[in-house]
Visitor: 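Before we start, here is the structure in question, set down as structure tokens.
Lettering follows sequence order; numbering is per chain, from 1.
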4 protein chains.
Amino acid sequence: MSSDVEASVFNWPGGARCAASFSFDVDGESGALAALPEARDSFSVMSHQRYGPTVGVRRILEILDRAGVRSTFFVPGLTAGLHPGTVRDIAAAGHEIANHGYAHIRPAGLTVEEQIIELDRGSDAIERATGERPVGYRAPMWDLSWELPKLLADRGFLYDSSLMDDDLPYRLDVGDDGSETLIEVPIQWALDDWEQYCYLPEITELGPIQTSEHAVALWRSELEGIRRYGGCWVLTNHPFLSGRPGRASALEDFIGDVRGMPDVWIASVGEIAAHAMTQQQPPRQLPTLTPPENDLG
Amino acid sequence: MSSDVEASVFNWPGGARCAASFSFDVDGESGALAALPEARDSFSVMSHQRYGPTVGVRRILEILDRAGVRSTFFVPGLTAGLHPGTVRDIAAAGHEIANHGYAHIRPAGLTVEEQIIELDRGSDAIERATGERPVGYRAPMWDLSWELPKLLADRGFLYDSSLMDDDLPYRLDVGDDGSETLIEVPIQWALDDWEQYCYLPEITELGPIQTSEHAVALWRSELEGIRRYGGCWVLTNHPFLSGRPGRASALEDFIGDVRGMPDVWIASVGEIAAHAMTQQQPPRQLPTLTPPENDLG
Amino acid sequence: MSSDVEASVFNWPGGARCAASFSFDVDGESGALAALPEARDSFSVMSHQRYGPTVGVRRILEILDRAGVRSTFFVPGLTAGLHPGTVRDIAAAGHEIANHGYAHIRPAGLTVEEQIIELDRGSDAIERATGERPVGYRAPMWDLSWELPKLLADRGFLYDSSLMDDDLPYRLDVGDDGSETLIEVPIQWALDDWEQYCYLPEITELGPIQTSEHAVALWRSELEGIRRYGGCWVLTNHPFLSGRPGRASALEDFIGDVRGMPDVWIASVGEIAAHAMTQQQPPRQLPTLTPPENDLG
Amino acid sequence: MSSDVEASVFNWPGGARCAASFSFDVDGESGALAALPEARDSFSVMSHQRYGPTVGVRRILEILDRAGVRSTFFVPGLTAGLHPGTVRDIAAAGHEIANHGYAHIRPAGLTVEEQIIELDRGSDAIERATGERPVGYRAPMWDLSWELPKLLADRGFLYDSSLMDDDLPYRLDVGDDGSETLIEVPIQWALDDWEQYCYLPEITELGPIQTSEHAVALWRSELEGIRRYGGCWVLTNHPFLSGRPGRASALEDFIGDVRGMPDVWIASVGEIAAHAMTQQQPPRQLPTLTPPENDLG
């Protein structure tokens, strides 16, 4: 690690050099149904997805408890409806429950009206299970629309965690004048177990399925890079994938390693967003796709 | 391996911490024909599949014999019809022959009538080759329908092995009142050589083909996780893939390693199912995909 | 390596336990054009393919010369027409030139008349370049039809090398009575550099491109398995892929390793086929896809 | 490394055995928009691409500055229009800015008129940002048309870097008589981070995402091969991928290693092209796809 690299100006609690969050997307049945409606007819595919809320979450809660780590679980409304006890267990263990849409439909491509329905139904289902409305959001399929930031801010959400254009959280101006903002806690595809572990014929023909050694090496390498250059490391695991014994075991050991890194602040995504609110960052405008000279061309 | 993790309450024979089964799906020609009917015109593709029942099974039987391991071979009826001597050799070596459909057509998507034909023709073909009807079933393409559990129980099957929603075998209530049940011995995609080794242009464009070192590392890692947390490890190999010398050699060495693990009970899938029958587990209802609040929404 | 495994009864020259052949498919431009005719419009794609006959072959010939290894180059007629000097250089270096069709069109799917045209035009183009007609054949895309064995025998070919249903060469009865036969020297997808190294957008979206360390580990592992159980190891490299410096370097080192194995007979595919002719194997009938009981229903 | 291999006759500055260039394609938003126009509706996808010009380039510039390495950045006109400050920063740091089309549309498949518009708009946008017209070109998607070499030479370009048919730069005769030529600096898919790191659902379903250890091993292995046999090693990284902390860290360390190789000349692509101009290579004709004997066939 070179000493001539400047740390980011973002100030983390306790003088940490970077933050790390172990987050979970509890897609369950909805993940497959949204991708391929015919998956409804397959007991096998549904059982593959059910493993997450019925078995995987329980194992992950035990791991987080042993490690003393607080996390965020992004739960589609349909998962909350089908497995309310699981969602209550997550909340009872002290973790954050956040909105992940209702039926895991990707927002980009929906009308604004459809987006609102999916968003609000997601919050309703979580509130029905836990008694509390979520203040965090992550777009299904990590596919945020341009309209959602304002819809989230209008509903009192503190943060979104679906964009990929920075290493650090930032404040997004969802209107025109900076008076209404939303914290963005960025993610990235390399910090996702889906891309490493998922194989479902006709649904995600990813593969070959990687070893947990490979996945953890990828995540660790990015964390080391963030320790070198500064930043915020947000890992996403899916309980139907990483709840499996071999992967859970590798994750448990890896969490132990990260806990031993003195320069890393481990927190839930909501805690990171709340901290980002204290950083007085100037709000950023939504980016444009039209360069000025296009008027000439 | 942490000592603070509670073992599963499932009791395995001899006080073993977990069970392990080396099972085989002998798809042969049917595996390619069901995926792409035009494969019938390709001598090369058919020869790729034929390798399983003609060469691969023979090598695997020798390996299992040297290791003293009893296994289960899931055999499509078409394989039994085209290669009856192979199926008889498997049975003569003391292994279990189980139903894997007739023409390797995935049940989810068929009508109930079509499912019945495929199921019964599969059992008929096995009985014609070996004189015995199978009591175990695994869905072609690991794609069980919702109707098959009851169809299997009605025909006296002891178990299915196509679902993915638990680490342990369980008892499934195929009716309404728990009076008719079927044992489920779960599998998972990470414990399948197909996903690691198969490449057939236009049929399965998986790949790149992994080394046997990679595949065995994946399977070993999951077994270690199951030894840590408890569970049942069911590996599936395809003789047309894992019967190849390099892979068979790696499998033979790996079986040797597993035999040396004192806390692992190695058994056929049928033996695991029969043991599960003794565990007095309350039967589980088939899961629903409709949450209660959908009446409101 | 266990000593309790019986070697194959096939007798290799000099008492070798197995045979190994380093063969090359010189697809060049035809490989991409047959897969996607529009590739004709892309200078980049054509240059990717041209690398084989213009640069890759030259490097490989030097490597084989330094190693003293004789090989077989399967050359589509179109490659021979576009690069006749390259083909003459291969022949002048003492290697076998064999037929790989004309335009790299997969035979399975063509009419018999079309297959004959592709086959004969391939031989014509090679004869035009080298003065000799080939006696060996490998189907483009490794996709042999059911008709080609007889077409090849009728034209005096000694062998085909496109099937995958054995570890050893065998004699195929191309007629009904064993009076007309063809030697088959089997191949397999795991012993192919295409599957490990090729990436061409819209043509073969394989990938991610593997390291030569990975590819050689795969090939070495299969060779070790064949040394353990007996057999015939036929590797296929494509000069447009494995002619690249890093891969060629790894191949050169690997060839050196194999030359140091005292139990391995290294030969061209034609030499292996000629040796197989001396083994008095009973000819095999072409396999059927219709089981006898299908008459019953 | 064997000592019996002859080095290439190409003379590199300072007696180096080979050249190495770390080049960058700054696709940004255009890379996804050209592949899937609907990506315009996805804030997430656009943010994934924006990371390159907004965050990745800045980190890479710091790395190149610390290493004292001069590089070439191929910038689509749309990136220059949306992020003119980024392009100015690259130029101000002393690196070469080269043409990468306007909207990252692959030229092969466009009419000549459309190709001219994309080419000239690309140069215009770069000139608008930096005040200088580029003299180097790389085709979007690495998919050069047959017409572009002459279009480039007509506009005074020194070089293209989109072809894959040699290990060394060469001079291309873009007319009939050798009076108008263009230097080609070849690239190859194995020296591209896109193929190793990119995953964007529905846009590039590559994957699984490789570790930077894997990618660097691939690139290093090819560099070692080129050091063995001679040649020119041109690596392409995309700031939206390799600008991420973990990958940037691996790249920084790797650049350090290459700087320590005494036989490697590190240069920008333009410097390599300018050097190739001094090598008095006879110009090469554009290759044909029609063999002479086709008149007979």
Visitor: Show the nearest heavy-atom pair for residues D:R106 and C:P201, with the distance to one decimal.
Guide: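 Scanning both residues completely, I find the closest heavy atoms to be NH2-CB, 4.1 Å.
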Visitor: Aromatic rings D:W12 and D:F10: how do their planes relate, parallel, tilted or perpendicular, breaks at 30° and 60°?
Guide: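 The arrangement is tilted - the two ring planes meet at 30° to 60°.
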Visitor: Going by salt bridge (charged side-chain N to carboxylate O under 4.0 Å, His left out), C:E127 matches just one of C:R121, C:R88, C:R133. Which one?
Guide: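 Exactly one pass, corresponding to C:R133.
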Visitor: Mind ranking D:D166, D:D192, D:L286 by heavy-atom pairs under 4.5 Å with chain C and telling me who comes out on top?
Guide: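 Counting heavy-atom pairs under 4.5 Å, the top option is D:D166.
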Visitor: Taking the six-membered ring of D:F254 as reference, does the cationic atom of D:R220 (NZ for Lys, CZ for Arg) lie under 6.0 Å from its centre and within 45° of its axis?
Guide: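 No, D:R220 does not lie over the aromatic ring of D:F254.
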Visitor: Relative to chain C, which segment of D:Q210 carries a heavy atom at a distance below 4.5 Å: side chain, backbone, both, or neither?
Guide: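 Contact with chain C: side chain only.
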Visitor: Give, as side chain, backbone, both or neither, the part of D:P186 having an atom under 4.5 angstrom from any heavy atom of chain C.
Guide: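 Nothing of D:P186, per the 4.5 Å heavy-atom cut-off to chain C.
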Visitor: Pick from D:D167, D:D143, D:I226: which one has the most heavy-atom pairs with chain C under 4.5 Å?
Guide: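 Of D:D167, D:D143, D:I226, D:D167 has the most heavy-atom pairs under 4.5 Å with chain C.
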Visitor: So, C:D25 and C:W142: side-chain donor and acceptor under 3.5 Å apart, yes or no?
Guide: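 Yes - a donor-acceptor pair under 3.5 Å links their side chains.
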Visitor: I'd like to know which of D:P287, D:S162, D:A108, D:A190 tops the heavy-atom pair count under 4.5 Å against chain C.
Guide: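 Most pairs with chain C among the choices: D:P287.
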Visitor: Is C:R59 close to chain D through its backbone or its side chain, or both, or neither, when contacts mean heavy atoms under 4.5 Å?
Guide: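 The answer is the side chain of C:R59.
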Visitor: Is the centre of the C:F22 ring less than 6.0 Å from the centre of the C:W233 ring?
Guide: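 Aromatic pair counts; centres sit under 6.0 Å.
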Visitor: Identify which part of C:S42 has an atom lying under 4.5 Å from any heavy atom of chain D, answering side chain, backbone, both or neither.
Guide: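 Contact with chain D: backbone and side chain both.
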Visitor: Can you say whether C:I117 sits under 4.5 Å from chain D via the side chain, the backbone, both, or neither, judging by heavy atoms?
Guide: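 Neither part; nothing is under 4.5 Å.
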